[in-house]
Amino acid sequence: MALLPILRFPDPRLNTVAKPVAQVDERIRRLVDDLIETMYDHDGVGLAATQVDVHERVIVMDTSDGRDQPRVLINPEIVARSVEMQVGDEGCLSVPTIYDRVERHARVTVRALDRQGQVCEFEAEGLTAVCVQHEMDHLIGRVFVEYLSPLKRDRIKSKMLKKTRDEQGRGR
Ligand code: GNR
Ligand code: NI
């Protein structure tokens, strides 16, 4: 297992569209395990392969209270979405310290392959529904701040560039 470095907004690699996984093999399982370890290390509720510069349709999530129920979604598809929407505060490991409101479908039905390559389908609501939509956006190259106003997005962009510069100045 390994901790993977996470790309930071506005890195253009975050805008890459991921390709479907052709076969759930040992390489993909290793990626899944590294994503899970990296997600827990950063106390995240989800992580998409895009964020670690791997452009394949792989997501890991854990929205359980005990943080002991990792979920693996390979080639995820939303097969149904509620008309009802919900607005919730979102954050992103690729946009650290920034939280803002985003409107999402309140419920989504997701179909994906699991770590074994088996098809699984479930209905998600609340934070899990938010997380699925947030992670699936990463796979099509979209970061949540792109839903905010251009003014806010530009401010966040400047703040992230400065943060990255400051950290590199300190030799990190
Ligand atoms: O850890 C995360 N928390 C979170 C909170 C509200 C809505 C979405 C998220 S996902 C985020 C981890 C992340 O960046 N996943 O891509
Ligand atoms: Ni994110």
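This is a predicted model, so every value here is computed, not measured. Sequential numbering from 1 along the given sequence is applied to the chain's residues. Computed over heavy atoms, backbone and side chain alike; hydrogens, waters and symmetry mates excluded. Counting convention: from 1, in listed order, for ligands and their atoms alike.
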Strictly by modelled atom types, are Y147 and D137 linked by a side-chain donor-acceptor pair under 3.5 Å?
yes
Please report the closest heavy-atom contact between F144 and D100, naming both atoms and the distance.
CE1-N, 4.1 Å
Starting from atom 5 (C) of ligand 1, locate the nearest protein heavy atom and write down its residue, its atom name and how far away it is, to 0.1 Å.
G91 N, 3.8 Å
Please confirm whether R71 makes a cation-pi placement over F122, using NZ or CZ under 6.0 Å from the six-membered ring centre and within 45° of the ring normal.
yes
Atoms in ligand 1 with a heavy atom of C92 nearer than 4.0 Å
14 (O)
Sub-4.5 Å side-chain heavy-atom contact between M160 and I98
yes
Return the closest protein heavy atom for atom 3 (N) of ligand 1 as residue, atom name and distance.
V45 CG2, 3.3 Å
Taking only heavy atoms of V130 into account, list the atoms of ligand 1 that are under 4.0 Å away from them.
7 (C)
About how large, to 10 degrees, is the angle NE2 of H134, then the Ni ion (ligand 2), then SG of C92?
110°
For ligand 1, is there an N or O atom under 3.5 Å from any N or O atom of D43?
no
Looking at side-chain heavy atoms only, is the closest gap between D34 and R30 below 4.5 Å?
yes
Tell me: protein heavy atom nearest atom 14 (O) of ligand 1, and distance?
L93 N, 2.8 Å
Structural part of Q51 in contact with ligand 1, heavy atom criterion under 4.0 angstrom:
side chain
Would the number of heavy atoms belonging to other residues, nucleotides or ligands and lying under 6.0 Å from CD of E125 be above 12?
no
Between Q133 and H105, a side-chain donor and acceptor under 3.5 Å:
no
Atoms of ligand 1 less than 4.0 Å from H138 heavy atoms?
16 (O)
Side-chain contact, heavy-atom cut-off 4.5 Å: M61 with V72?
no
Should we count CZ of R67 as having more than 12 external heavy atoms under 6.0 Å?
yes
Please work out which of G88, P96, G46, S94 has its closest non-hydrogen atom nearest to atom 12 (C) of ligand 1.
G46
Residue G44 vicinity, atoms of ligand 1 by number, heavy atom under 4.0 Å:
1 (O)
Out of H42, E135, E90, whose heavy atom sits nearest atom 7 (C) of ligand 1?
E90
With a 4.0 Å cut-off on heavy atoms, is D89 touching ligand 1?
yes
